[in-house]
Amino acid sequence: MPYNFTAIEKKWQKYWLDHKTFAALDPAEAGGMPKSYVLDMFPYPSGAGLHMGHMENYTATDIIARYQRMIGMNVLHPTGWDAFGLPAEQYAIKTNRHPRELTETNIKNFRRQIQMAGMSYDWDREVDTTDPTYYKWTQWIFLQLFNSYFDPMNQKAMPIGHLVNELMNENYVVGPDGSVVTNPTQEGMEAITGEVRTERLWRELSPEEQRDTIDGQRLAYTDEIPVNWCPGLGTVLANEEVIDGKSEVGGFPVEKRPLRQWMLRITAYADRLIADLNQLQWPESLKEMQRNWIGRSVGAEVDFEVATVAATPASPPRKGDAGVAATEESEGSDEIDPITVFTTRPDTLYGATYMVLAPEHPLVDRITPAERRETIEAYRTQAGSKSDRDRMTDAKEKTGEFIGAYAINPINDEKIPIYIADYVLMGYGTGAIMAVPAHDERDWEFAKKFDIPIKAVVAPLSSTQSSVLSPQSSLDRPFTNEGVAINSPIINGMKTEEAKEHITAFLAADGVAHRAIKYKLRDWLFSRQRYWGEPFPIVLDEKDQAYAIDESELPLTLPPMEDFKPTGTAAPPLSKAKEWMKYESPRIAMRGLVRETNTMPQWAGSCWYYLRYCDPKNPDRFVDPEKEKYWMPVDLYVGGVEHAVLHLLYARFWHKVLFDLGHVSTREPFSRLVNQGLILGEVEYRGVKKDGEWIAYGEQVLPSIRSAIESGMLISAEEILGSDGCKWQVVSLSAEEVTKRQDGFVLSSNPAIRVDARSFKMSKSRGNVANPDEIIRDYGADAARLYVMYMGPLEQQKPWNTRDIVGMVRFLNAVWRNLVGDEEKNRVAKIKPIAIPEALDRQMHRTIKKVAEDIAALRFNTGIAELIKLNNEITGMEIIPRELAESLTLMLAPFAPHIAEELWLHLGHTKTLARRPWPTFDPAKLVESTMELPVQVNGKLRDKITVAADAEEALILEQAARSEKVVPWLAGKTVKKKLYVPKKLVNFVVG
RNA sequence: GCCCGCGUGGCGGAAAGGCAGACGCAACGGACUUAAAAUCCGUCGGUCGAAAGGCCAUGUGGGUUCGAUUCCCACCGCGGGCACCA
């Protein structure tokens, strides 16, 4: 009689909720208990409900949390809802419902599913990012960002007031581009003689300039820049949300469009975001993804003068094609600023044979001579109209145009032609490069196409002596590695590293170069033209100048709107809420102020939710400092790898700002992070039939059919008339069919016949989605939990297989039978306080040790295997020793909590086992008095011997050599070496 | 193209450089049953052999080692990330 999981699971779920069994203790109540903060990436409550990935994620952390409570730790294990965002809003529009209502429905469903799976969350700490009492503090943190700046001296965020003080005290001055730098002379800039002063003092600025300077330094600022505009979604998107030129949500095309948007100055933290990765226990691959995304490159900026000589050939120079028509340089040539390029290889400067500007580069207009204007304009228009996607697909073929002007290489005064080409991006570096075709793949391709000279200036290390390349020597491909400088007078013979430094220093002395660090990371585009997000706590004047509203005015709630649809233009839906937009406050003595109508992106709420869990109901602060200090950092954070450069980067950034401002106590939020592996759909099999007969899947199959199978395209049941006149058919098989046919024609192990077996990502369209609701209904939450953990290592990708769950069901039933007995039999009589037989006792202690180790190391699959083994051992025993029954029950509890609670009750306990001590093992009981040793001859196993655990080596070797099966292998041979690895094995090396 | 991870039975997967295949699924044989389900006992990488036992096996080929699934090199295949970032 199997146990009734439906009733038992429901009963304990109610018990846990009613008794608040998993409530985390606040620091004041915790006494000496060690704390542990175990966190999941909280779900986005989509309409589809919980999926298997959630189950895997939450079960893993749940096991840890339950285990840690059982060993006496104070565990914070919360959940909540990341409920703002595009998908709900899109769905709301489609189904003509309100996102608020839809979100509430979805949350209810998620909560039900999570509780049904027996997760041990502290439900008193549930948070919802769309709840005004929550997003009040999201807005508050935004104000912190708005009211602070990144201080160049202290390299950290500081209140904006500090900046104003430093400027007023003239410790800082304002650069020509509006940047703030330290005052080069404390005594006053008048002291610098003979220099043209470009920096200005605070008091020299007009009130407007003062204001612009301050606003330009804020960590949250507005800027009108080309942004990712997605017409399909009616909003702009962050770089991180655009994949291959399409929106991550919905897959709509994205185009560049200049718009005034809110930006967060994440780039200020680029260095710290990279450096602090080292202190984190995160998967190496994920750290690498963040490093690549931030993309730090060290190099130099070098200034190239634009050639101002009158005689300038207007046509592109070609090899062996001397300057043609000389024309006058266009107007204003004497005032053209030098063009600054960024390079990571300043050591190749002598090899620069041309220069390239991005099509959007502001200097293009100034330096293009009249007769080239038309051509250049045409190219710019064409390049500008290309979507990012086209630009990517076109990357193979280089395009560009000669501008008609030349630059002077500062190292050798050579005149090099200037091109524009779209392979140089305005958004990175300076938007201009020096092109060294001999040592860069892209420049090489371009130079080949436009027939530009290629000059080698770096030689491979090994070949320096033998073959010094001459400028004319033809390479057959670019040499992009480091090596030794050649054909470069001032650095010849130097290794790349040294050459870089030397040449940069040399040019720096003349003020034409300096060391520079560039990042791929851009500032975070933080506003969206959508309704379902946090409103900005900002008001604007008629010039779009932004003012923060006061903390006391928070939360600024979303107006309830009937029509929240995107406007189809850059005007956000909130711009239709005319009444809501009106703003008046005695604090700001201005009229005509209106509210900012953009909203924050989905990521805002998830940037700090882990802090709110520490103190979820606090009405006065986003988190109480004492509680924050107690719980932070998160000790274990588990979630999918898809957030590698989104949530995980954004949250680290916010956290660092809050740290700088003294609001949190740790530099990093998540000290240990684990990515659970994707759960794929069930394996699909495909075989091939020819004229209705199964045939070998291999060389005999039509190539078109074979490639369709191998690329995973489903063409099952589709008949194809082959060129050979035969009917070909690809047939999908279930696992059962494949198994059945093992003795028949389609046999997976038969090398002549291959049945293609693959698994794919779960998707509705493929129909391979396993639904947690159904699995729990059919097999129980305990069995479902066990199965998702037993499938394989947590971090590994693995295919779902419903068939296998029955193994876990049988295991639980067996435990039940062993400890409770069959219905008809006397139930309690099975358990008696008798001594455990020695061998079984030893196994029990080993299991206790192993299971604890496995849980701590997140090796749940092998931990469960140990429990199954122990249970198998007691299967069939008439009487079960009480101690063993209790140990097994307690060890089972983190994995299968419902049945464990019920068994615990059955064993005569009246209270939950949630905080009952975990069984301890006795090290003395782990050792055996005798041990079995494998005996090898030349590394091959030949026999096993049993010896006393403390036997001497000599005795063991002697016994091994005498063992029955080993003797023949040693007979007539010389034993060259006798090896004894203590407690491991014996190996004889014979000749 | 570059970077990272992974290749072990029919399947999911175990193995601090030391007995390859723990544990589960499937399959097969048996017990119980009128029967089925459930349960219990047993077999279960390939190959040769009646058996004892031998030989071959952790993607492929080399290397280090007394000994390699594990470490090193090269190649092949799969999965993921990045992709004109100068």
Side-chain angles (χ1 to χ4, degrees), chain A residues 1-2 244 283-286 288-289 291-293 295-297 299 341-345 348 356 391-392 394-396 398 421-425 427-436 439-443 445-446 518-521 641 644-645 678 680 683 735-736 738-743 747-749 755 757-758 786-787 790-793 795-801 803-808 810-811 813-814 817 822 859 861-869 872 875-876 932-944 965 976-979 981 983-990:
Chain A
M1 191 67 187
D244 288 341
E284 221 20 76
S285 57
L286 197 140
E288 200 54 33
M289 280 168 73
R291 286 191 198 103
N292 289 340
W293 188 260
R296 183 181 196 266
S297 337
V341 303
F342 174 69
T343 177
T344 52
R345 292 294 299 272
T348 61
V356 186
R391 209 157 150 163
M392 265 179 245
D394 293 350
K396 291 264 184 309
K398 294 276 178 293
D422 65 2
Y423 83 94
V424 172
L425 311 170
Y428 182 75
T430 61
I433 61 156
M434 61 178 220
V436 185
H439 305 292
D440 182 282
E441 298 271 0
R442 299 148 298 178
D443 298 346
E445 281 173 37
F446 192 85
K518 298 287 174 192
Y519 303 92
K520 286 203 285 189
L521 185 71
V641 72
V645 292
L678 197 65
L680 301 170
V683 176
E736 279 74 11
V738 172
T739 312
K740 247 185 270 162
R741 290 173 187 276
Q742 270 182 25
D743 53 351
L747 181 66
S748 333
S749 62
V755 172
R758 286 183 60 154
L786 280 170
Y787 176 62
Y790 191 68
M791 285 169 71
E795 301 189 52
Q796 190 175 298
Q797 197 172 92
K798 40 210 177 279
W800 176 264
N801 193 349
R803 189 180 69 184
D804 287 348
I805 303 175
V806 71
M808 298 300 110
R810 292 210 267 250
F811 165 54
N813 280 334
R817 266 196 311 276
D822 291 324
R859 287 188 303 251
N861 54 335
T862 52
I864 295 168
E866 289 303 312
L867 293 177
I868 295 173
K869 218 150 66 170
N872 288 348
T875 295
E932 197 182 49
L933 281 181
V935 182
Q936 300 182 337
V937 178
N938 284 347
K940 286 205 168 192
L941 179 74
R942 295 302 174 190
D943 203 0
K944 291 178 191 179
K965 287 172 191 164
K976 287 200 243 169
K977 205 166 174 183
K978 297 176 181 180
L979 248 114
V981 184
K983 312 218 183 246
K984 284 287 173 195
L985 54 50
V986 175
N987 189 12
F988 295 110
V989 185
V990 300

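Reminder, nothing fancy here: chain letters follow the sequence lines and each chain counts from 1.
Of the candidates B/G13, B/A86, B/A20, B/G13 carries the atom nearest the A/P799 side chain, counting heavy atoms from C-beta on. Of the listed nucleotides (B/G24, B/A14, B/A86), B/A14 has the atom at the smallest distance from the side chain of A/T862. With B/G18, B/C23, B/C84 as the candidates, the nucleotide lying closest to the side chain of A/V981 is B/G18. When distances run from any side-chain atom of A/N861 to the nucleotides B/C40, B/A14, B/A20, the shortest one goes to B/A14. Out of B/C82, B/A22, B/C66, the shortest distance to the side chain of A/K520 is found at B/C82.
Regarding A/E288, its CD atom lies at a distance of 15 Å from the P atom of B/G81, rounded to whole Å. The distance from atom CZ of A/R803 to atom P of B/G12 is 10 Å, rounded to the nearest whole Å. A straight line from CE of A/M289 to C1' of B/C2 spans 15 Å, rounded to a whole angstrom. When rounded to the nearest whole Å, the span between CD of A/Q936 and P of B/A20 equals 7 Å. Atoms CG (A/L979) and P (B/G17) sit 18 Å apart, rounded to a whole Å. Between the CG atom of A/N938 and the C1' atom of B/U65 there is a distance of 13 Å, rounded to whole Å. Atoms CD (A/Q796) and P (B/C11) sit 15 Å apart, rounded to a whole Å. Atoms NZ (A/K798) and C1' (B/G7) sit 17 Å apart, rounded to a whole Å.
Between B/G59 and B/C11, the two P atoms lie 13 Å apart (nearest whole Å). Of the P atoms belonging to B/G17 and B/C71, the separation is 8 Å, rounded to the nearest Å. If you take atom P in B/C41 and the same atom in B/G46, they sit 24 Å apart, rounded to whole Å. Between B/U58 and B/U70, the distance separating the two P atoms is 9 Å to the nearest Å. The separation of B/U34 from B/A26, taken at their P atoms, amounts to 26 Å, rounded to a whole angstrom. Comparing B/C84 with B/C2, their P atoms are spaced 15 Å from each other, to the whole Å. Between the P atoms of B/U64 and B/C48, the separation comes to 34 Å (whole Å). Distance noted for atom C1' between B/A68 and B/G29: 38 Å (whole Å).
The phosphate of B/C3 (OP1 or OP2) has no side-chain N or O of A/R291 nearer than 4.0 angstrom. Dashed line: the shortest gap from a side-chain N or O of A/R810 to OP1 or OP2 of B/C40 is not under 4.0 Å. Residue A/Y790 places no side-chain N or O under 4.0 Å from the OP1 or OP2 atom of B/G13. Within the 4.0 Å cut-off from OP1 or OP2 of B/A86, not a single side-chain nitrogen or oxygen of A/K398 is found. Here A/N872 reaches the OP1 or OP2 of B/G24: one of its side-chain N or O atoms lies under 4.0 Å away.
Contact record, A/G792 with A/N861: C-ND2, 3.7 Å, taken as the closest heavy-atom pair. In terms of heavy atoms, A/K798 sits closest to A/P793 at NZ-O, 3.0 Å. Of all heavy-atom pairs spanning A/F988 and A/V935, the tightest one is CE1-CG1, 3.9 Å. Considering all non-hydrogen atoms of both residues, A/R942 and A/K965 come closest at O-CB, 3.5 Å. Taking all atoms of both residues into account, the shortest heavy-atom contact from A/K518 to A/Y428 is CB-OH, 3.6 Å. The shortest non-hydrogen separation linking A/L786 to A/M808 is CB-SD, 3.7 Å.
For A/K398 and A/Y423, the positive end sits near the middle of the six-membered ring, less than 6.0 Å away and at most 45° from its axis.
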Quick one: do A/I805 and A/W800 satisfy side-chain contact (heavy atoms from CB on, under 4.5 Å)? Show the steps, please. CA-CA 10 Å; A/I805 303 175; A/W800 176 264; 3.7 Å; yes
Could you go through the side-chain contact (heavy atoms from CB on, under 4.5 Å) check for A/D440 and A/T348 one step at a time? CA-CA 10 Å; A/D440 182 282; A/T348 61; over 6 Å; no
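For A/D804 against B/C25, no side-chain N or O and base N or O form a donor-acceptor pair under 3.5 Å. Under 3.5 Å, the side chain of A/K944 and the base of B/C19 form at least one donor-acceptor pair of N or O atoms.
Using a 4.0 Å heavy-atom cutoff across all strands shown, A/D443 reaches no nucleic acid atom at all. A/N292 comes within 4.0 angstrom of nothing in the nucleic acid, heavy atoms only. Base engagement by A/K984 is indicated by at least one non-hydrogen atom pair under 4.0 Å involving a base atom. Contact annotation for A/K869: backbone-only contact, meaning every heavy-atom pair under 4.0 Å involves sugar-phosphate atoms and none involves a base. If you check every strand for non-hydrogen atoms under 4.0 Å, A/E441 touches nothing. Counting non-hydrogen atoms under 4.0 angstrom, A/V806 reaches the backbone sugars and phosphates but no base. Residue contacts shown for A/K976 are absent, as no nucleic acid heavy atom lies under 4.0 Å away.
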Can you check nucleotides 48-50 of chain B for protein contacts, nitrogen or oxygen pairs under 3.5 Å, and list what you find?
none

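Annotated as syn: B/G9, whose O4'-C1'-N torsion sits within 90° of 0.
The 5' end of RNA chain B is approached more closely, in terms of each residue's nearest nucleotide, by A/I864 than by the other of A/Y519 and A/I864. With the nearest nucleotide of RNA chain B identified for both A/T344 and A/R942, A/R942 has the one nearer the 5' end.
Pairing partner, B/C78: B/G5, with both Watson-Crick or wobble hydrogen-bond distances short of 3.5 Å. Using Watson-Crick or G-U wobble geometry with both donor-acceptor distances under 3.5 Å, B/C71 finds its partner in B/G63. Of the nucleotides present, none pairs with B/A26 by Watson-Crick or G-U wobble criteria with both distances under 3.5 Å. Nucleotide B/A57 has no partner under the Watson-Crick or G-U criteria, as no pair reaches both atom distances under 3.5 Å. Across all strands shown, B/A51 forms no Watson-Crick or G-U wobble pair with both key distances under 3.5 Å.
With hydrogens and angles disregarded, a donor-acceptor distance shorter than 3.5 Å links the side chain of A/Y787 to the backbone of A/N801.
Between the CD atom in A/Q936 and the NZ atom in A/K984 there is a gap of 12.0 Å [rounded to 0.5 Å].
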